[in-house]
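Okay, structure first, notes after.
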Amino acid sequence: MRLSRYFLPTLKETPADAQIASHRLMLRAGMIRQGAAGIYSWLPLGHRVLKKVEAIVREEQDQAGALEMLMPTIQSADLWSESGRYDDYGKEMLRIEDRHGRKMLFGPTNEELITDIFRREIKSYKDLPKNLYHIQWKFRDEIRPRFGVMRGREFLMKDAYSFDLSAEDGVKSYNAMFVAYLRTFARLGVKAIPMRADTGPIGGDLSHEFIVLAETGESEVYFDKGFNDFDPMAANPSDGENLQPVVDQWTSLYAATDEMHEPDSAQAVGKNLVQGRGIEVGHIFFFGDKYSKPMKAEVQGPDGKTVAVQMGSYGVGVSRLVGAIIEACHDENGIVWPESVAPFKVGLINLATKDEACTAACDKIYADLSGAGIEVLYDDRATGAGAKFSNMDLIGLPWQIVLGNRGFQNGIVELKNRATGEREEVAIDEIVARVTGN
Ligand code: ATP
Ligand code: MG
């Protein structure tokens with residue numbers, strides 16, 4: 001992508017109303033703009049990152065055996081009256097009336113709708129287990145939307161729902177999601193700690209929150225040093241039968257947020273705990289028949305008797321993750337994207353746009369890299385070097401390739417690693433192979 005043709009409205013100044021790094025950086029890097037409190041447009045650069053996060057979340061859900069579908073944002077209030085949550089959900093629910101005076105709502109979550117779909121179609125234990133998910137915008141009229149996309153009112157969530165015949169099978173489905181979550185966050189380049197959580201208004205008995213570590217996180221967290229020794233990528237979530245030991249390995253270690261426990265700092269050092277801050281990026285629940293019973297989502301079991309199915313629900317804050325990744329991955333100059341979610345892999349800077357030969361060399365690097373399937377943002381604008389460098393650091397692409405007059409004469413470009421700051425001189429005719437790893 002040529003920057004001269006792109007839409008990247010970066011800001012030099014720090015926006016006054018943004019209190020945390022990710023919010024400031026997302027505004028400054030031209031990723032998002034606010035439409036109303038807690039409601040954002042995703043500009044092209046932000047949109048690319050959002051889609052990459054979404055794609056990794058999707059791949060891991062698919063690999064764990066969950067089936068993607070898409071439910072609407074607008075729901076009928078009737079189903080929520082059946083479960084009792086139309087009244088219970090309170091002011092966070094955006095209630096709408098259509099022209100016929102029917103009560104509608106903008107979905108804050110989808111337990112009721114998915115349970116309705118399930119109960120209409122599935123009647124036998126032979127069709128179980130099932131895990132259905134979608135990635136869809138949610139609306140919650142948060143009392144204090146803040147921190148940009150981290151606590152928005154409209155936000156993108158992946159929510160999955162599992163259906164099993166027995167509680168024992170339900171726990172297997174839960175474990176598959178548990179492992180898929182750990183893998184998802186590892187692939188996104190962040191460290192997430194699973195913490196046993198209260199089930200809150202969703203109800204039920206088994207629940208974990210996944211907390212990404214970042215100094216600016218909303219919650220204070222305490223966790224066992226042992227978490228550092230585990231590699232989530234070693235576990236295979238499609239291996240449902242054998243996941244319990246893997247999950248036990250993680251859940252046997254102590255981890256808590258300040259809302260759940262209040263071990264004071266001294267106690268933390270006693271207990272061999274690491275103390276830090278974190279951001280909730282995912283939340284999983286096993287809640288048995290809490291919805292299936294009142295809503296009569298029942299199947300016939302092997303013995304011919306009808307039973308309410310055992311359900312779980314599993315949420316990932318996809319749009320929140322974009323902010324959380326930035327909180328965990330930035331420095332004083334801007335964002336430092338993990339490669340897996342970077343909007344482009346390479347930023348190519350032409351410092352001599354008036355020099356035809358140098359520009360031709362840059363154009364060729366751009367064409368060759370693009371041809372090799374590398375995503376390149378090519379700064380071909382006739383602006384000053386300082387602005388180009390600071391802009392590229394701000395938007396945080398993993399690699400920068402810089403070509404100027406002097407380098408061109410000597411046949412070399414500079415290759416900079418954004419994360420380490422290391423610079424290296426590479427021959428112009430070797431740069432494509434160097435970046436593509438050939
Ligand atoms: P929180 O305690 O942060 O309000 P929650 O417990 O209400 O979260 P869930 O209902 O479990 O959240 O939703 C699943 C995931 O959706 C959360 O783990 C979080 O990552 C994300 N999420 C929830 N509320 C918001 C929001 N207002 N803005 C952005 N993401 C959100
Ligand atoms: Mg909430």
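Both ligands and their constituent atoms are indexed starting at 1 by order of listing. Bear in mind that the values here come from a model prediction, so they are computed numbers and not experimental data. When reading the values below, keep in mind they use all heavy atoms of this one structure, side chains included, and skip hydrogens, waters and symmetry mates.
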In terms of atom number and element, which parts of ligand 1 are under 4.0 angstrom from non-hydrogen atoms of [X]?
X	value
G317	15 (C), 16 (O), 20 (O), 21 (C)
E142	24 (N), 26 (C), 27 (N)
V281	18 (O), 20 (O)
G282	18 (O)

**cation_pi(R48, F344) dist<6.0 Å, angle<=45** = yes
Is it true that [X] and [Y] make a salt bridge, defined as a side-chain N closer than 4.0 Å to a carboxylate O?
X	Y	answer
E218	R146	yes
D88	R85	no
R277	D258	no
E375	K52	yes

Could you tell me whether some N/O pair between [X] and ligand 1 is separated by less than 3.5 angstrom?
X	answer
M157	no
R151	yes
G315	no
H283	yes

Tell me which part of [X] gets within contact of ligand 1: side chain, backbone, both or neither, using heavy atoms under 4.0 Å.
X	result
V149	backbone
E209	neither
R320	side chain

**Request:** Show your reasoning for whether salt bridge (charged side-chain N to carboxylate O under 4.0 Å, His left out) applies to E60 and K158.
**Result:** CA-CA 11 Å; E60 290 297 330; K158 183 286 299 179; over 6 Å; no
**Prompt:** Do you know which two heavy atoms are closest between S83 and E112, and how far apart they sit?
**Reply:** OG-OE2, 2.6 Å
**Message:** Give me the atom names and distance for the closest heavy-atom approach of L188 to V53.
**Reply:** CD2-CA, 4.0 Å
**Asked** Has I143 got more than 12 heavy atoms of other residues, nucleotides or ligands less than 6.0 Å from its CD1?
**Response** no
**Request:** Look at atom NZ of K123 and say whether more than 12 heavy atoms of other residues, nucleotides or ligands are closer to it than 6.0 Å.
**Result:** yes
Do any heavy atoms of [X] fall under 4.0 Å from ligand 1?
X	answer
E218	no
T109	no
S319	no

**Message:** I want to confirm something. Looking only at heavy atoms, which of F210, F285, Y314, F155 is nearest to atom 22 (N) of ligand 1?
**Reply:** F155
**Request:** Could you pull out, from R153, R140, R146, the option with a heavy atom nearest to atom 7 (O) of ligand 1?
**Result:** R140
